[in-house]
Amino acid sequence: MLSVARARLSGALEPDRDMAPTPIRTCVLGVGLAGLTFHVPFVLALPDLFSLVAVLERNPATPGGKLHERFGVAVRIHRTLHSVLDDPDIDLVVVGTPNGTHYEFAKSALLAGKHVLVDKPVTATAEQARELAEIARSKHLVLYPFQNRRWDSDFLALRRLLSLPPDAPQSLGDLVEFESHYDRYRTALKGNWKDEPTPANGLTYDLASHLIDQVLALFGRPKSIAAFLENVRNIGDPDLDDSFNIILKYPAGTVSPHPFTVTVRATPLSATAVQTRYIVRGVKGTFIKTGLDTQEDLLKVVPEPNGIYASGFGSEPEDIWGYVENVQPDGSFKKSTWPSTEPGAYVNLFRNLGAVIRDGAEQEVKWEEAASVIELIELAHQSSRERRTLEVPLA
């Protein structure tokens, strides 16, 4: 099992009975958006679980590098992956580098005997993901996918809504359709590695990896997939997709007594100030949600890592809470707010990661689930390329 901790075999992290457990010695690969926004703050904010001992930064402009500039923290700076792998003081490697490096870096870290957290998309192919899983199993290491948006406030609210009993006043009843959007208005290229036609690049790998993961967590594997991936802005490399529309079909009797259709989509040309996030239709009502979880924007500007514990962090403003319209006995409709009462909490992924490494706890996001996400992304590319609907193989 992937969650069997290497430390338990080697004794590297085995605490003295009378002492507090030793923090997991961590190195973050990459100090760009992923490293400094989504990983470093949580590693630093959980000192009982993790100790940030190093980062990988190939060309630091200052002695302390970007980490010191951002958070005033000084740690060892490795300039090469080889140097990281040779460092005996590292137990956990966090892969937050460009997408095309995830497989190579994760594989190298596992072979060097390190536990690994891999940012999404975990690999370019499902075959690569399965290979990493086998290496981790053979070495009794933890291999954890960074599917952090399972802890978005709006997704937590959605799960709570879908768990209502059928006779609850706001229940949607048997589901018919589910739409998940990640639309934006961006008319220019980013001007970085994401604009390059390299493995695991393009908007489908970048954002559908979040949306498909949420769908699989809610409904399981679909029966078939049809996808339309395009460079809708006609800029940059014509073969690099900047939009996607992916349709997943579930036969009647699986998710619902009715045939059930899931659409996950994203476009960079949604010219509106308020973007749609979810539309969920059932036979008794419809749920509509706009706006995005606030954690990413807050993490970009949080002055110090403990800011994740500040009052209101991860909470949604009420003006983007969702609402439900339910059919009434007389055929009319009643509209009511469905609040996002539970704050978003990416920190819980890191808490679970720490528990998996230390105690052999169950992974809340399993590696095989991330591999299934990549499998569906590959099928989406094939479907779009061949202009046909494809059957999804059984797991």
Side-chain angles (χ1 to χ4, degrees), residues 23-24 26 28 30-52 55 66-73 75 92 94 96 117 119-120 144-161 163 180-182 184 206-207 209-211 213-214 217 273-278 289-323 337-357 361 363-365:
I24 301 160
T26 304
V28 174
V31 287
L33 174 65
L36 291 183
T37 301
F38 292 108
H39 300 304
V40 165
F42 298 105
V43 172
L44 292 175
L46 294 167
D48 57 326
L49 288 177
F50 304 100
S51 172
L52 184 64
V55 296
K66 292 182 179 178
L67 175 65
H68 189 266
E69 292 174 15
R70 177 74 174 84
F71 292 113
V73 175
V75 302
L92 167 68
V94 178
L117 172 67
D119 212 319
K120 60 80 197 170
Y144 202 115
F146 187 70
Q147 295 289 171
N148 60 309
R149 292 196 177 273
R150 300 244 191 131
W151 286 270
D152 276 359
S153 56
D154 49 18
F155 184 65
L156 296 173
L158 173 64
R159 295 192 88 151
R160 186 165 49 86
L161 174 64
S163 69
S180 180
H181 295 242
Y182 210 126
R184 298 163 166 171
D206 196 38
L207 294 185
S209 53
H210 285 311
L211 305 188
D213 176 69
Q214 291 184 347
V274 179
Q275 303 288 356
T276 300
R277 182 64 185 93
Y278 295 115
K289 173 74 175 64
T290 60
L292 284 174
D293 180 273
T294 62
Q295 289 175 92
E296 179 174 350
D297 288 341
L298 293 171
L299 288 167
K300 288 177 179 177
V301 299
V302 67
E304 49 92 23
N306 283 339
I308 69 167
Y309 302 122
S311 176
F313 184 90
S315 297
E316 277 194 0
E318 293 186 17
D319 61 353
I320 62 168
W321 283 358
Y323 66 89
T337 299
W338 186 256
S340 300
T341 52
E342 187 175 355
Y346 299 159
V347 67
N348 286 342
L349 183 150
F350 287 89
R351 287 181 174 133
N352 179 239
L353 172 63
V356 173
I357 294 174
Q363 291 188 201
E364 293 190 30
V365 186

### Message
Going by side-chain hydrogen bond (donor to acceptor under 3.5 Å, both in side chains), name the residues that satisfy it together with Asp206, two or more places apart in sequence or in a different chain.
### Response
Lys120, Lys194
### Interatomic distance, Thr26 atom OG1 to Leu92 atom CG [nearest 0.5 angstrom]
4.0 Å
### Summary
Hits for side-chain hydrogen bond (donor to acceptor under 3.5 Å, both in side chains) against Asn306, two or more places apart or cross-chain, chain-then-number order -> none
### Message
Please enumerate all residues that pass side-chain hydrogen bond (donor to acceptor under 3.5 Å, both in side chains) together with Arg70, with sequence neighbours excluded.
### Response
none
### Task
Provide the closest heavy-atom pair for Phe146 versus Phe38 in the form atom of the first, atom of the second, distance.
CZ-O, 3.6 Å
### Task
Starting at CZ of Phe155, measure out to CG of Leu211 and round the result to the nearest 0.5 Å.
10.5 Å
### Message
Suppose we screen for salt bridge (charged side-chain N to carboxylate O under 4.0 Å, His left out). Which residues come up paired with Glu296, at least two apart in sequence or across chains?
### Response
Arg149, Lys300
### Message
Would the distance check show the side chain of Gln295 and the main-chain N or O of Tyr346 forming a donor-acceptor pair, the cut-off being under 3.5 Å?
### Response
yes
#### Entry: Pairing residues for Ser340 by the side-chain contact (heavy atoms from CB on, under 4.5 Å) criterion, not counting sequence neighbours
Ala157, Lys289, Glu316, Trp321
### Task
Could you check Tyr182 against Leu292 for side chain to side chain contact (heavy atoms under 4.5 Å, CB included), going step by step and ending with a plain yes or no?
CA-CA 9 Å; Tyr182 210 126; Leu292 284 174; 3.9 Å; yes
Considering only distance and modelled atom types, tabulate donor-acceptor pairs under 3.5 Å from the side chains of residues 39-46, sequence neighbours left out.
{"from": "His39", "atom 1": "NE2", "to": "Asp119", "atom 2": "OD2", "distance (Å)": "2.9"}

#### Entry: Nearest-0.5 Å distance that lies between atom CG in Leu117 and atom CG in Leu353
5.5 Å
### Task
Determine whether Tyr278 and Ser180 make a side-chain contact, defined as any pair of heavy atoms from C-beta on separated by less than 4.5 Å.
yes
### Task
Give the C-alpha distance, both sets of side-chain angles, the deciding distance and a yes or no for side chain to side chain contact (heavy atoms under 4.5 Å, CB included) between Asn352 and Asn348.
CA-CA 6 Å; Asn352 179 239; Asn348 286 342; over 6 Å; no
#### Entry: Results of salt bridge (charged side-chain N to carboxylate O under 4.0 Å, His left out) for Arg277 - residues two or more places apart only
Asp154
### Query
Checking side chain to side chain contact (heavy atoms under 4.5 Å, CB included) for the pair His210/Asn148: CA distance, chi angles, key distance, verdict?
CA-CA 8 Å; His210 285 311; Asn148 60 309; 3.3 Å; yes
### Query
Which atoms form the tightest heavy-atom contact between Leu299 and Ile308, and what is the distance?
CD2-CG2, 4.0 Å
### Message
Using 0.5 Å steps for rounding, measure from the CH2 atom of Trp151 to the CG atom of Leu349.
### Response
4.5 Å
### Query
How long is the span from the OG atom in Ser153 to the CD1 atom in Ile320, to the nearest 0.5 Å?
6.5 Å
## Note on the structure
Sorted by chain and number, sequence neighbours left out, side-chain contact (heavy atoms from CB on, under 4.5 Å) with Gln275 holds for Asp183, Ser270, Thr272
### Message
Could you check whether any side-chain heavy atom of Val31 comes within less than 4.5 Å of a side-chain heavy atom of Glu69, counting everything from C-beta outward?
### Response
no
### Query
Is there a side chain to side chain contact (heavy atoms under 4.5 Å, CB included) between Val28 and Leu67 once you walk through the steps?
CA-CA 10 Å; Val28 174; Leu67 175 65; over 6 Å; no
### Arg160: partners by side-chain hydrogen bond (donor to acceptor under 3.5 Å, both in side chains), with sequence neighbours left out
Thr341
## Note on the structure
To the nearest 0.5 Å, atom CG of Leu158 lies from atom CH2 of Trp338 at 10.0 Å
### Query
With sequence neighbours left out, what residues match Leu298 under side-chain contact (heavy atoms from CB on, under 4.5 Å)?
Thr294, Phe313
